[in-house]
Number of protein chains: 2
Amino acid sequence: MNKSSNISTSVIKRLPRYYRFLGDLMQSGISRISSRELSERMGLTASQIRQDLNCFGGFGQQGYGYNIVQLHNEIGTILGLDNVKKVVLIGAGNLGRALATHMTFGAKGFQLIGIFDSKPSLTGQIVRGMPIRHTDGLDEFCRENLPQVAVLCLPKSGARDIATQLIALGIKGFWNFSHYDFSVEFPNIVVENVHLGDSLMTLCYNVEHKGK
Amino acid sequence: MNKSSNISTSVIKRLPRYYRFLGDLMQSGISRISSRELSERMGLTASQIRQDLNCFGGFGQQGYGYNIVQLHNEIGTILGLDNVKKVVLIGAGNLGRALATHMTFGAKGFQLIGIFDSKPSLTGQIVRGMPIRHTDGLDEFCRENLPQVAVLCLPKSGARDIATQLIALGIKGFWNFSHYDFSVEFPNIVVENVHLGDSLMTLCYNVEHKGK
DNA sequence: TAGATTGTTAATCGATTAACAATC
DNA sequence: TAGATTGTTAATCGATTAACAATC
């Protein structure tokens with residue numbers, strides 16, 4: 001396990017945002033930027049930007065700043081976007097279908113290779129050019145196609161069993177929209193939780209208490 | 001502005017999760033729990049739970065623990081879930097429609113009252129029992145119905161103008177799925193960002209570096 | 001060379017954890 | 001009363017910010 005394995009999650013969570021801002025700057029034709037100017041555009045401190053980047057290497061140049069194209073590439077590499085990971089999506093309800101249709105997995109280091117649902121009535125429906133498969137075929141599909149990542153868009157009740165099954169099949173990471181909580185049973189599995197309900201409640205609190 | 005306005009965001013972000021766990025415990029018929037037992041179920045320290053709760057008041061009882069129903073209610077009140085906020089959703093693409101159909105706004109302190117899109121071809125389509133309205137009518141609709149919150153499900157390009165318009169119309173909080181960044185132009189507006197692309201890139205990094 | 005800006009160390013700030021007296 | 005567990009203070013840990021020497 002290399003040096004980058006002990007980078008703090010605070011830093012890692014900021015990397016995609018740097019990547020996005022640098023991408024936008026790239027497109028606007030600017031070729032270099034100082035940590036100070038980037039900090040103003042992003043609403044951070046220049047110090048934090050320099051600290052963050054120096055976790056991974058010295059990408060800047062004294063007296064000059066950072067080369068935008070180069071830094072954008074570096075961050076993309078750090079994030080692992082060029083190393084494509086195969087993804088299966090479990091749960092083809094509204095949310096699952098929206099993600100399948102709407103997300104550009106390709107630009108983020110992923111390739112969606114299969115969509116599954118336990119509801120027989122959905123089997124065979126076409127979403128983003130691929131048929132929804134029944135979860136009965138999940139084992140076989142994974143053994144053949146070796147996905148590394150799964151998106152969970154199903155109710156809490158079903159999520160635990162599917163997660164256990166998928167981990168046994170070699171899935172290394174989950175994009176988890178369900179309310180199933182991996183942390184107790186599988187503390188070492190990589191999970192990125194997206195709890196939309198929690199997010200909405202946080203918003204509720206802030207509107208209530210911080211709203212002008 | 002009351003005492004709760006200087007609660008740290010770390011604490012606030014944990015409240016919805018407490019609320020969910022307590023709701024589950026409630027349904028399983030347990031009536032009391034100690035911080036130690038809750039900490040084991042949630043994968044936190046007991047100390048953190050007690051610290052968090054004591055930001056808002058002493059809800060426990062020495063030698064006994066916490067009454068689950070009571071604590072669940074208290075946290076609901078703290079989150080402001082019983083004070084319903086009217087919501088408009090802007091952008092009825094895949095994601096917008098999925099959220100409109102899939103989210104139980106009601107259980108989280110919100111009521112969806114209108115769905116808008118700038119694409120004339122969508123106008124009049126029914127989503128969750130209500131017609132998609134054209135954004136031309138947004139001003140009038142807001143003046144009549146006084147929503148306090150907006151969900152932004154549109155591309156970055158359109159988001160800035162709509163956000164500015166909505167703020168002028170009295171919108172106090174945004175659930176922002178767009179890539180528009182409020183922090184520089186509107187640092188004091190309440191915004192809950194859900195950047196699905198960023199989340200996916202974070203997952204990419206972690207699969208790459210932390211995967212066993 | 002002089003000016004600018006990084007990389008990096010040190011100082012500060014905030015969040016988490018540990019400890020324990022208060023008390024049910 | 002004895003045991004359990006909170007509320008709260010103190011200690012630790014980690015993240016952010018400030019400062020500045022190195023250097024382009």
Side-chain angles (χ1 to χ4, degrees), chain A residues 3-18 21-22 25 30-72 74-75 78 183 187 202 205 210, chain B residues 3-18 21-22 25 30-72 74-75 78 183 187 202 205 210:
Chain A
K3 97 167 197 178
S4 45
S5 55
N6 44 17
I7 306 291
S8 84
T9 62
S10 318
V11 174
I12 294 161
K13 288 233 175 117
R14 282 192 291 269
L15 291 181
R17 190 153 175 265
Y18 290 134
F21 269 78
L22 290 165
L25 287 167
I30 308 174
S31 69
R32 55 171 270 204
I33 196 163
S34 68
S35 58
R36 192 187 49 73
E37 200 196 330
L38 187 58
S39 77
E40 283 162 10
R41 287 178 186 258
M42 296 188 65
L44 305 170
T45 64
S47 206
Q48 179 163 71
I49 292 174
R50 294 205 299 278
Q51 285 275 28
D52 284 354
L53 297 179
N54 276 94
C55 293
F56 304 98
F59 303 128
Q61 194 169 303
Q62 282 100 330
Y64 174 89
Y66 298 86
N67 177 299
I68 290 175
V69 173
Q70 184 213 325
L71 186 57
H72 183 262
E74 293 282 6
I75 295 178
I78 291 163
S183 66
T202 304
Y205 178 92
K210 293 200 212 142
Chain B
K3 96 167 196 177
S4 45
S5 54
N6 44 16
I7 307 290
S8 83
T9 62
S10 318
V11 175
I12 293 161
K13 288 232 175 120
R14 282 192 291 270
L15 292 180
R17 190 155 175 263
Y18 290 133
F21 269 78
L22 290 164
L25 287 165
I30 309 172
S31 68
R32 54 170 270 204
I33 197 162
S34 68
S35 58
R36 192 188 48 73
E37 201 196 330
L38 188 58
S39 77
E40 283 161 9
R41 287 177 185 258
M42 296 187 66
L44 304 170
T45 65
S47 206
Q48 180 163 69
I49 292 174
R50 295 205 298 279
Q51 285 275 28
D52 284 355
L53 297 179
N54 275 93
C55 293
F56 304 99
F59 303 128
Q61 193 169 305
Q62 280 100 329
Y64 174 88
Y66 298 87
N67 177 299
I68 290 175
V69 172
Q70 185 213 324
L71 186 56
H72 183 260
E74 292 282 5
I75 295 178
I78 292 162
S183 65
T202 304
Y205 178 92
K210 293 198 210 142

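Just so you know, these numbers come straight off a predicted model, no measurement behind them. Just so it is clear: chains get the letters A, B, ... in the order the sequence lines come, proteins before strands, and each one is counted from 1.
- In terms of position along DNA chain D, the nucleotide closest to A46(B) lies nearer the 5' end than the nucleotide closest to the other residue of the pair A46(B) and Q61(A).
- Exactly one of E40(A), Q48(A), R50(A), Q51(A) qualifies for a side chain to side chain donor-acceptor pair (under 3.5 Å) with S35(A). That residue is R50(A).
- Pairing for dG14(D) goes to dC13(C), judged as Watson-Crick or G-U wobble with the two contacts each under 3.5 Å.
- One can place CD of Q48(B) at 17 Å from P of dT8(D), the figure rounded to the nearest angstrom.
- Closest contact between the side chain of T45(B) and the listed nucleotides dT6(D), dT16(D), dT17(C) involves dT17(C).
- Counting heavy atoms from C-beta outward, H72(A) and Y66(A) have side chains that stay 4.5 Å or more apart.
- Below the 3.5 angstrom threshold, one finds a donor paired with an acceptor across the side chain of S47(A) and the base of dA18(D).
- Taking atom CZ of residue F59(B) and atom P of nucleotide dT8(D), one finds them 12 Å apart after rounding to whole Å.
- In this entry the distance linking CZ of R36(A) with P of dT17(D) reads 17 Å, nearest Å.
- Toward the 5′ end of DNA chain C lies the nearest nucleotide of Q62(A), the other residue of the pair Q51(A) and Q62(A) mapping further downstream.
- Evaluation of atom-type donor-acceptor distances gives no pair under 3.5 Å for the side chain of S10(B) against the base of dA15(C).
- Contact annotation: S35(B) side-chain N/O to dT6(D) OP1/OP2 distance is under 4.0 Å.
- Here the CD1-CZ distance, from I75(B) to F59(B), works out to 7.5 Å after rounding to the nearest 0.5 Å.
- Within the 3.5 Å criterion, the main-chain N or O of M42(A) finds a donor-acceptor partner in the side chain of R17(A).
- Base pairing of dC20(D): its partner is dG7(C), meeting the Watson-Crick or G-U wobble criterion (both donor-acceptor distances under 3.5 Å).
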